[in-house]
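Below you'll find the structure, written out as structure tokens, and then a few comments.
Keep in mind the model is a prediction, meaning the values are calculated, not measured. We count ligands from 1, going down the list as the structure has it; atoms in each ligand are counted the same way.
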Amino acid sequence: MNIRDNIMTQLAIMGGHRLRNQPLPARRTMGEAEKQAVIDVMDSGELSGFFGSPGPQWLGGPKVREFEDKWASTYGFKHAISVNSWTTGLMTAVGAIGIEPGDEVIVSPYTMSASATSILFYGGIPVFADIDPDTFNITAATIESRITQRTRAIMVVHIFGQAADMDPIMALAKKHNLKVIEDGAQCPGIKYKGRPVGAIGDIGGFSLNYHKHIHTGEGGMLVTNDDKLALRCQMIRNHAENLIEALGVEDLSNMLGSNYRLTELQAAIGCVQLDRVQGYLAHRQRLATHFGRQLAGIEGLTPAKVADGAEHAYYLYPVKFDAAKVGISRGDFVKAVNAELPQPTIWEQNGFVEAYVKPLYLAPMYQMKVALGSKGFPWTINAGINYDYSKGSCPVVERMHFEEMIYTPLIREPLTESDIDDFVAAIKKVLLNADQLVGRMGDSGQ
Ligand SMILES: *Cc1c(COP(=O)(O)O)cnc(C)c1O
């Protein structure tokens, strides 16, 4: 009998058999070409080509430059600047656009913490705008309600890999003379109305950490079409303070640099990985379509919605869960589905995960307003202004996080439609036998 026919039976979480025992295929991101590229760099002996002082090597070695040129030309960006993580990339972007201590930057609360922390590193103050309940991205409308005379920039995050609705955001930014940074960590190669995300705003970029679509172990890539911003990024990446005189730079703001340099080994891997982006995206989009079609017929589950003009990279696949319609809690549902699937490894979660990160403003750093030092800097700069990070300040993101949203990381290579069919069968098995769970498990909640 096909395992998928075996769904009117005892749930695995109640002691029945798992619907599938065979492990899901592991994500294997490095191939022979990456291996050879690393060996070539090892043989060359030049593991980094950077010097932190004036001279031809302040922009890095041959592989770093090749990786940057290849990224820029692949997507038609004027500049690509590699960095050793996307967190440092975001910090670099915030510094490059000239954020001053006390400037407000509007950002999504539903993102990896670094989207907002990068603002604080320059003394900027994160102001959180609520998200759209269908795309989970911030919108021109939610951003506009947060603009004050101190607002200097907007940090747009293309969360889960779906491009945010950039045209209205750019129009709003223009009207209020705001800079726009795009956090495209989760969506390399994605387009918005035919234009690649990353440099639709002033500056943006992508993460190259191990979990992202493509990676160099750790790393990131900034992109911009603005010459001045590109130079400021290159300087911040590599000890800006040592280059001011040699480069004849006049604007000293934020021109204290750091060392955010990528190694030649990582850049060599990145050159190969870049060739894989479009294949990964196509694979994930195909699986997502397959999965979404099957979910669409299931009461209580709403598949991911892709807005007009946007593309989705499916870094994660969000689903909305309606506990009232399903008749069991979100926590019980997630646990029961996952129990039907093979044991996950440390790196690869199976099935569903209950909600994404907690809305950022609920973290202690914002609740206590203690970030740089212990005396409340940078919030103290704007003394008298009450930055509202209270529970309830962004009701949609809180509803999504605490009640409605679940996501799956299974829309990924090298899974096939058949693997997804098993996942759907596990979901259906739990829904058809939900009565086994009622009253027998505690609500896991948060
Ligand atoms: C991964 C991620 C980052 C941070 O990137 P790192 O390369 O891990 O430093 C920032 N923002 C978002 C939305 C991310 O997903």
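For the ligand labelled ligand 1, residue Lys212 lies inside the 4.0 Å heavy-atom shell. Residue contact check for ligand 1: Gly220 places no non-hydrogen atom closer than 4.0 Å to it. In this structure, Gly89 has no heavy atom closer than 4.0 Å to ligand 1.
For ligand 1 and Gly219, the ligand atoms under 4.0 Å from any heavy atom of the residue are 7 (O). Atoms of ligand 1 lying under 4.0 Å from at least one heavy atom of Ser85, given by number and element, are 7 (O), 9 (O). The Ser115 neighbourhood of ligand 1 comprises atoms 11 (N), with distances under 4.0 Å to a heavy atom of that residue.
In summary, the aromatic rings of Tyr317 and Phe160 are positioned with their centroids too far apart to meet the 6.0 Å limit. Aromatic ring centres of Phe321 and Phe352: separated by at least 6.0 Å.
Between Ser207 and ligand 1, a contact under 3.5 Å exists for at least one N or O pair. Inclusion of Thr111 in the set of residues having an N or O under 3.5 Å from an N or O of ligand 1 is not warranted.
Here the protein heavy atom with the shortest distance to atom 9 (O) of ligand 1 is Thr87 OG1, 2.6 Å. Of all protein heavy atoms, the one lying nearest to atom 3 (C) of ligand 1 is Met112 SD, 3.6 Å. Residue, atom and distance of the protein heavy atom nearest to atom 11 (N) of ligand 1 are Asp183 OD2, 2.7 Å. Remark: minimum distance from atom 12 (C) of ligand 1 to any protein heavy atom is reached at Ala185 CB, 3.3 Å. Considering only non-hydrogen protein atoms, atom 8 (O) of ligand 1 sits nearest to Asn209 ND2, 2.7 Å.
A 4.5 Å side-chain heavy-atom check between Val127 and Tyr387 finds at least one atom pair inside the cut-off. Residues Val83 and Leu222 have side chains in contact (heavy-atom distance under 4.5 Å, counting atoms from C-beta outward). Side-chain contact between Ile131 and Cys394 is absent, with no heavy-atom pair separated by less than 4.5 Å.
Geometrically, Lys212 does not engage Phe206 in a cation-pi contact defined by less than 6.0 Å to the ring centre and at most 45° from the axis. Cation-pi contact between Lys191 and Tyr75: absent, since separation from the ring centre below 6.0 Å together with deviation from the ring axis within 45° is not met.
Between Phe128 and Tyr389, the ring planes are perpendicular. Angles over 60° get that label, and only those under 30° would be called parallel.
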Next on the checklist: Set out, in order, the CA-CA distance, both residues' side-chain angles and the distance that settles salt bridge (charged side-chain N to carboxylate O under 4.0 Å, His left out) for Arg65 and Glu68, then state yes or no.
Outcome noted: CA-CA 5 Å; Arg65 293 177 197 215; Glu68 292 173 346; over 6 Å; no
